[in-house]
Colleague: 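My questions all concern the structure below.
Computed from a prediction, not measured in an experiment: that's the story for all the values here. Side-chain atoms are counted along with the backbone in the values below, which use heavy atoms only and exclude waters and symmetry mates. This chain uses plain numbering: 1 for the first residue, then up along the sequence.
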Amino acid sequence: MPEAVIFDYNGTMVNDEIYHNDAWNLFMERHIGRKLTDSEMDQYIHGIHADVTIRTFLGSDLPDAEVARLVAEKEATYREICLSHIDIYKLRDGLPEYLDRLKAAGVKLGIATSSPIENVEFYFKHIPLKRWFTMEQVTYNDHSFPGKPAPDIFIKAAEKLHADIHKSYVFEDAKSGVQAGVAAGAERVIALDVTADRQELLKLGADQVIHSYRELL
């Protein structure tokens with residue numbers, strides 16, 4: 001058993017990747033007059049901090065306050081979409097049972113998400129995360145470190161759990177997240193093939209690619 005297991009959230013723990021994509025497309029239609037291509041989603045959205053995405057498409061010289069306002073706008077759109085699908089907004093199949101197994105074995109559990117605190121609070125309100133996690137076990141985008149594919153978020157998440165990242169597993173779904181987990185030196189990086197191709201994830205260094213947590217039970 002690993003010392004700790006650290007999960008990315010969006011797409012990895014919950015089936016919300018399509019809601020983030022829809023929110024970004026609505027946002028981009030309002031601000032640049034078009035939706036994003038699949039290639040742009042892959043390169044600039046999945047696993048990337050929202051402020052980086054906004055500066056990429058709306059201007060690198062935008063003031064911090066304006067970027068913060070735009071991030072809040074996009075995330076509010078995402079939360080509205082989630083609420084409109086709240087009956088199917090849930091943890092991925094097999095994950096509750098897998099978390100129960102890890103907790104029973106004494107494994108430390110953490111979440112490392114590119115989301116802002118407002119979204120983390122939303123997650124805890126609408127998903128039964130308190131069964132396994134506290135807010136203190138979540139590392140989120142507070143603008144104090146670079147986003148994925150930089151390794152910082154997973155290193156910080158392990159430190160928050162008082163765990164050794166080299167003895168910890170990382171779960172991810174985005175290519176940038178797999179790169180971050182590998183760069184952080186995680187003992188094992190396990191990827192879900194929900195937003196990226198299985199072979200691409202393996203080429204980026206994923207030790208294992210799964211489609212469902214039931215494969216681990």
Colleague: With rounding to the nearest 0.5 Å, note down the distance linking CD in Glu75 to OG1 in Thr77.
Modeller: 9.0 Å
Colleague: Can you get from Met41 to Val71 by hopping between Ile, Leu, Val, Met, Phe, Trp and Tyr side chains that sit under 4.5 Å apart?
Modeller: yes
Colleague: Ignoring hydrogens and geometry beyond distance, is a side-chain donor-acceptor pair present between His31 and Glu73 at under 3.5 Å?
Modeller: yes
Colleague: Enter the distance from Asn15:CG to Asp93:CG here, rounded to the nearest 0.5 Å.
Modeller: 10.0 Å
Colleague: Indicate yes or no: at least one non-hydrogen side-chain atom of Thr139 is less than 4.5 angstrom from one of Ile111.
Modeller: no
Colleague: Could you walk me through whether Leu109 and Leu102 satisfy the side-chain contact (heavy atoms from CB on, under 4.5 Å) test, starting with their C-alpha distance in whole Å, then the side-chain angles of each, then the deciding distance to 0.1 Å, before giving a yes or no?
Modeller: CA-CA 8 Å; Leu109 300 174; Leu102 292 173; 3.7 Å; yes
Colleague: If only side-chain N and O atoms count, and only distance matters, is there a donor-acceptor pair under 3.5 Å linking Ser114 with Tyr9?
Modeller: no
Colleague: Does atom CD1 of Ile18 have more than 12 heavy-atom neighbours, drawn from other residues, nucleotides or ligands, at distances under 6.0 Å?
Modeller: no
Colleague: Any idea which heavy atoms bring Pro146 and His49 closest together, and the distance?
Modeller: C-CE1, 4.0 Å
Colleague: Could you tell me if the side chain of Asp51 sits less than 4.5 Å from the side chain of Asn141, heavy atoms only?
Modeller: yes
Colleague: For Asp38, I'd like to know if atom CG has over 12 heavy atoms of other residues, nucleotides or ligands within 6.0 Å.
Modeller: no
Colleague: I need the Arg198 CZ to Ile210 CD1 distance, nearest 0.5 Å.
Modeller: 9.0 Å
Colleague: Please name the pair of heavy atoms, one in Ile6 and one in Ala112, separated by the smallest distance, quoted to 0.1 Å.
Modeller: CG2-CB, 3.8 Å
Colleague: Please test Val178 against Val170 for side-chain contact (heavy atoms from CB on, under 4.5 Å), starting from the C-alpha separation and ending with a verdict.
Modeller: CA-CA 8 Å; Val178 169; Val170 162; over 6 Å; no
Colleague: Are Lys203 and Glu200 ion-paired here, with the side-chain N under 4.0 Å from a carboxylate O?
Modeller: no
Colleague: I'd like to know if Glu29 pairs up with Arg34 as an ion pair, taking the criterion as any Lys NZ or Arg NE/NH1/NH2 lying under 4.0 Å from an Asp or Glu carboxylate oxygen.
Modeller: no
Colleague: Considering only NZ, NE, NH1 and NH2 on the basic side and carboxylate oxygens on the acidic side, decide whether Glu40 and Lys35 come within less than 4.0 Å.
Modeller: no
Colleague: Nearest 0.5 Å, please: how far is CZ in Phe145 from CD1 in Ile155?
Modeller: 11.0 Å
Colleague: Does Phe133 belong to the same Ile/Leu/Val/Met/Phe/Trp/Tyr cluster as Leu95, with side-chain heavy atoms less than 4.5 Å apart forming each link?
Modeller: yes
Colleague: Do Val182 and Leu202 land in one hydrophobic cluster if side-chain heavy atoms of ILVMFWY residues count as linked below 4.5 Å?
Modeller: yes
Colleague: Return the orientation label for the Tyr19 and Tyr89 ring planes: parallel under 30°, perpendicular over 60°, tilted otherwise.
Modeller: tilted
Colleague: Determine, stepwise, if the pair Tyr123 / Asn10 fulfils side-chain hydrogen bond (donor to acceptor under 3.5 Å, both in side chains).
Modeller: CA-CA 10 Å; Tyr123 305 152; Asn10 305 110; 3.0 Å; yes
Colleague: Parallel, tilted or perpendicular for Phe27 and Trp24, by the 30°/60° rule?
Modeller: perpendicular
Colleague: Do Tyr169 and Pro2 have side chains that get closer than 4.5 Å, going by heavy atoms?
Modeller: yes
Colleague: Would a 4.5 Å heavy-atom cut-off, applied to side chains only, mark Trp132 and Pro96 as touching?
Modeller: yes
Colleague: Check the pair His166 / Glu187 against side-chain contact (heavy atoms from CB on, under 4.5 Å), numbers first and verdict last.
Modeller: CA-CA 5 Å; His166 304 295; Glu187 178 181 350; 5.9 Å; no
Colleague: Report the C-alpha separation of Thr134 and Gln137 in whole Å, then their side-chain angles, then the decisive distance to 0.1 Å, and conclude whether the side-chain hydrogen bond (donor to acceptor under 3.5 Å, both in side chains) test is met.
Modeller: CA-CA 5 Å; Thr134 65; Gln137 290 166 266; 3.1 Å; yes
Colleague: Over all heavy atoms of both residues, which pair between Ala184 and Phe154 is shortest? Give the atoms and the distance, please.
Modeller: CB-CB, 4.0 Å
Colleague: Taking C-beta and beyond as the side chain, do Asn119 and Phe124 meet within less than 4.5 Å on heavy atoms?
Modeller: no
Colleague: Stepwise, does the side-chain contact (heavy atoms from CB on, under 4.5 Å) test hold for Glu97 with Arg214?
Modeller: CA-CA 8 Å; Glu97 294 89 339; Arg214 296 212 171 272; 3.3 Å; yes
Colleague: Can you establish whether the number of heavy atoms outside Tyr44 located under 6.0 Å from its atom OH is more than 12?
Modeller: no
Colleague: Determine, stepwise, if the pair Arg69 / Glu66 fulfils salt bridge (charged side-chain N to carboxylate O under 4.0 Å, His left out).
Modeller: CA-CA 5 Å; Arg69 185 190 69 77; Glu66 177 64 4; 2.9 Å; yes
Colleague: Verify, without hydrogens or angle tests, whether Arg79 (side chain) and Phe122 (backbone) share a donor-acceptor contact under 3.5 angstrom.
Modeller: no
Colleague: Shared ILVMFWY cluster between Ile127 and Leu99, side chains joined below 4.5 angstrom?
Modeller: yes
Colleague: Is Asp16 salt-bridged to Lys90, cutoff N-O under 4.0 Å?
Modeller: no
Colleague: Do Lys103 and Val107 come close enough that some side-chain heavy atom pair is under 4.5 Å?
Modeller: no
Colleague: Pair Tyr98, Phe171 - check ring pair (Phe, Tyr, Trp, His ring centres under 6.0 Å), show working.
Modeller: CA-CA 12 Å; Tyr98 183 57; Phe171 278 80; 5.7 Å; yes
Colleague: How close do Val209 and Ala206 get, heavy atom to heavy atom, and via which atoms?
Modeller: CG2-CB, 4.3 Å
Colleague: Is there a side-chain contact between Glu17 and Val194, using heavy atoms and a 4.5 Å cut-off?
Modeller: yes
Colleague: Flag the pair Asp8 and Lys148 as a salt bridge only when some basic side-chain nitrogen lies within less than 4.0 angstrom of an acidic carboxylate oxygen.
Modeller: yes
Colleague: Are Ile190 and Asp207 packed together at the side-chain level, in the sense that at least one heavy-atom pair is separated by less than 4.5 angstrom?
Modeller: no
Colleague: Could you pull out the closest heavy-atom pair between Ser176 and Gly47, with the gap in Å?
Modeller: OG-CA, 3.5 Å
Colleague: With rounding to the nearest 0.5 Å, note down the distance linking OH in Tyr213 to OG1 in Thr12.
Modeller: 5.5 Å
Colleague: Count I, L, V, M, F, W, Y as connected when their side-chain heavy atoms are under 4.5 Å apart, and connections chain through other members. Are Leu216 and Val14 then in the same cluster?
Modeller: yes
Colleague: More than 12 foreign heavy atoms under 6.0 Å from NZ of Lys108: is that the case here?
Modeller: yes
Colleague: Less than 4.0 Å between a side-chain N and a carboxylate O, is that true for Lys74 and Glu118?
Modeller: no
Colleague: Between Thr113 (side chain) and Tyr140 (backbone), is there a donor-acceptor pair under 3.5 Å?
Modeller: no
Colleague: What are the two closest non-hydrogen atoms of Leu192 and Arg92, and how far apart are they?
Modeller: CD2-CD, 3.6 Å
Colleague: Is Asp100 salt-bridged to Arg131, going by a charged N under 4.0 Å from an acidic O?
Modeller: yes
Colleague: Atom CG in Asp173, atom CG in Asp193: separation rounded to 0.5 Å?
Modeller: 10.0 Å
Colleague: Between the side chain of Asn25 and the main-chain N/O of Leu36, is any donor-acceptor distance below 3.5 Å?
Modeller: yes
